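Input: a single structure, listed below in structure tokens.
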Number of protein chains: 2
Amino acid sequence: MTKNSKPTIYEVARKAGVSRQTVSRVINNRPDVAPATRQRIMKIIDELDYHPSAIARSLSQQRSYNFGLLTAGLEYMGPSTTLSGIAKKSEELNYGLYLKELPSFNANNIHPLLEWFLARQVDGIIWAVPEIGANRDWIKDSIEDIRVPIIFLTSAKREKISIVTIDNYFGARQATQHLLDQGRKQIGHISGPMDWWESRQRLKGWQDALREAGIEPEERMVAEGNWSSKSGKQAFEKLQITFPEMDAVFSGNDQMALSILQTACTENIKVPGDLAVVGFDGLPESAYFSPALTTIFQNTIELGCTAVRTLARMVEERDIEPSREPVYITIKPDLIIRRSSTPVE
Amino acid sequence: MTKNSKPTIYEVARKAGVSRQTVSRVINNRPDVAPATRQRIMKIIDELDYHPSAIARSLSQQRSYNFGLLTAGLEYMGPSTTLSGIAKKSEELNYGLYLKELPSFNANNIHPLLEWFLARQVDGIIWAVPEIGANRDWIKDSIEDIRVPIIFLTSAKREKISIVTIDNYFGARQATQHLLDQGRKQIGHISGPMDWWESRQRLKGWQDALREAGIEPEERMVAEGNWSSKSGKQAFEKLQITFPEMDAVFSGNDQMALSILQTACTENIKVPGDLAVVGFDGLPESAYFSPALTTIFQNTIELGCTAVRTLARMVEERDIEPSREPVYITIKPDLIIRRSSTPVE
DNA sequence: GTGAAAGCGCTAACAT
DNA sequence: ATGTTAGCGCTTTCAC
């Protein structure tokens, strides 16, 4: 070993006068090493500032203790709490994380990406790309080829794949029901882009809640946005024309709700007096909108944690019982009631 | 090779009737292979669906073509645009990315983290943890030990380390100067936490701009927040007491500015009539606050891209010229003028 | 243009 | 409790 190169297991073994295997046992905390030997080896490891090569280990064990995380649209993702949950939980369970971002939501060529992960011997894959258009169609053709467990976030239920998702339908029903409970009858909806699965779920929740209350949802009561504040403004202006009697609106996310509040403010529409508003997401700032926004809080940290926890379990169980049933876990979001939807005293 | 295990370079070589080295040359696009041989081998690679093991490659090349990215407080990081820039640029330059998140901003035990990256043979490290308190003190003791290039984001200038950062001081001066240009004289400041280097830079920019205008900044004109909307509200309320003549406020970020606007709205303070407000960050939503918020836009995508581009260059140059001068790159933010600070017509 | 030998740093399986 | 052998899948170096 020269001065500049890091020591290997071999140097440690030589200095300690043992075989590499014994050193290996020590660094892997195996029980079958004599206490004295262990002490001696540990001392030498310390002196040499030896650190085992994870690469070599991955090669010989044929696994890396890494997960592959695939995302898309990170820059739009609001506070990246899902990511944070994933990162924290992975760390806790002693897995490393490879991060990849798709260049666009509708990536067509999935295979190179999967292969990139597989070439690095990841133990599992987290698919954190929203379900949009046909961007899940590859699954049915390729899911069998993937030799590691894979978990999907934010996804419609499907055969043979494991999913962890927020219950968007439930959240939307809750939001709409809350507005009905406030005595509102003319409840509009600003949806996200309709090619997003999440948007469709939220739309459906709004529709079903209305129907259950004996109100038939009509086309003119809905306007489509693209999640941005800007699009929310346009959608709201459209609703004002197609649905002038509107006395409440359920917005597909908080950012679009923000521009409803803003438009209302400049046009002297009283919120909640003339118009009650409910958002979706539960951004921390939503409590500081004017007025404070009633919203559906989705716990994305928990979403991330659950995904990783589940994936880790899949990895471990796989050793014992190869092909288990896929899981389908939904996380219920919570209604947070604030000023924007509550009666004026 | 059994049916279930993936083919190795050896299987390809055997099927093609060549040695493994020849296959290696093909998969690495080396020129010294006969065209016919190359064709034949490529065909077999395709048939076998062979994919080289990045792990084995890393081991034998002693490098991984991965970067290590260390972050902290992902969940508060607003839209994770820096991350997005980093991910996109890494992908573009053909580097993989390990993502780690510190459990807290003031992590004390840095060495295990560094070793984790080094054990995986990363080619370079991106330190995307904000500079807070003494959380950079480890650098002077350990920077020499790190055997790979490392680049710091958002950091004060230092000897011997490479840095890419937004010019916070410049941005704050710009913001304050803009308010002065509008004829405001009583300009308060809501700062971020004072143990953050960024906060101190912004404070300093505000101070220097005032001084240059012949106004002496006083303690009572500043209130400290913690970046959250909630803290911004409290800070603003404090300023209303300590600095009642205030006719403008420069907020350390947009989220705190939001709650200034909100408080002003409920207390019937006219913005910008009675109070001009400028934020910092340039969140997309800030255009939809009421009124639309004047702010300092920091291009964090570019920040991330620049960091990766620089790091990649450091990696490549290292082969040629071992110890180059460290770089110090600042990115100038831009003033975006909107309703919240412009004169009422 | 191609191949043989040696090695990257570690661990699994089987001795002893 | 410890050592030996034989890989893991690829690249580097040198020979031809």
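All values reported here derive from a predicted model rather than from experimental measurement. Lettering of chains follows the sequences in order, A, B, ..., and the numbering in each one begins at 1.
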Is B:Arg25 side chain donor-acceptor paired with the C:dG3 base, going by distance under 3.5 Å alone? yes
Got a salt bridge between A:Lys88 and A:Glu92, using NZ or NE/NH1/NH2 to carboxylate O under 4.0 Å? no
I want to check one thing: is the phosphate of C:dT11, taken as OP1 and OP2, less than 4.0 Å away from some side-chain N or O of A:Arg57? yes
In whole Å, I'd like the distance from the OH atom of B:Tyr10 to the C1' atom of C:dA4. 13 Å
Judged by each residue's nearest nucleotide on DNA chain C, which is more toward the 5′ side, B:Val33 or B:Gln121? B:Val33
Could you state the CZ-P distance from B:Arg20 to D:dT13, rounded to the nearest angstrom? 17 Å
Between A:Lys140 and A:Glu159, does any side-chain N to carboxylate O distance fall below 4.0 Å? no
Which part of the nucleic acid does A:Ser58 contact within heavy-atom distance under 4.0 Å: base, sugar-phosphate only, or nothing? nothing
Starting at CG of B:Asn28 and ending at C1' of D:dT13, how long is that distance when rounded to a whole Å? 15 Å
Ignoring backbone atoms, establish whether B:Tyr50 has a side-chain N or O less than 4.0 Å from OP1 or OP2 of D:dC10. yes
Which residues share a side-chain contact (heavy atoms from CB on, under 4.5 Å) with A:Thr22, sequence neighbours left out: A:Val18, A:Ser19, A:Arg25, A:Val33, A:Thr37, A:Ile41
Is the shortest side-chain N/O distance from B:Gln21 to OP1 or OP2 of C:dA4 below 4.0 Å? no
Has the side chain of A:Gln62 got a donor or acceptor that lies under 3.5 Å from a partner of the other kind on the base of C:dA12? no
Measuring to OP1 and OP2 of D:dT2, would you say a side-chain N or O of A:Thr37 lies under 4.0 angstrom away? yes
Counting just side-chain N and O atoms, does A:Ser24 come under 4.0 Å of either OP1 or OP2 of C:dC10? no
Within the structure, does a side-chain N or O atom of B:Ser19 lie under 4.0 Å from either OP1 or OP2 of C:dG3? yes
Name the orientation class of the two ring planes belonging to B:Tyr95 and B:Tyr65 (parallel below 30°, tilted from 30 to 60°, perpendicular beyond 60°). tilted
Over how many whole Å does the gap from A:Gln61 atom CD to D:dC8 atom C1' extend? 11 Å
Could you tell me whether the phosphate oxygens of D:dT12, OP1 or OP2, come under 4.0 Å of any side-chain nitrogen or oxygen in B:Arg30? yes
Residue B:Thr8, side-chain heavy atoms: nucleotide from C:dC10, D:dC10, C:dT2 that is nearest: D:dC10
Between B:Trp138, B:Phe117, B:Phe67, which is the residue that forms a ring pair (Phe, Tyr, Trp, His ring centres under 6.0 Å) with B:Trp127? B:Trp138
Grab the OH-P distance between B:Tyr65 and D:dC10 for me, whole Å please. 16 Å
In whole Å, what is the span from the CG atom of A:Leu59 to the P atom of D:dG7? 14 Å
In whole angstrom, what separates A:Asn29's CG from C:dC10's P? 16 Å
May I ask you to check whether over 12 heavy atoms, not counting those of A:Tyr10, lie within 6.0 Å of atom OH? no
Using heavy-atom distances to pick each residue's nearest nucleotide on DNA chain C, tell me which of A:Val23 and B:Ala56 is more 5'. B:Ala56
Nearest whole angstrom, please: distance from the P of D:dC8 to the CD1 of B:Ile9. 14 Å
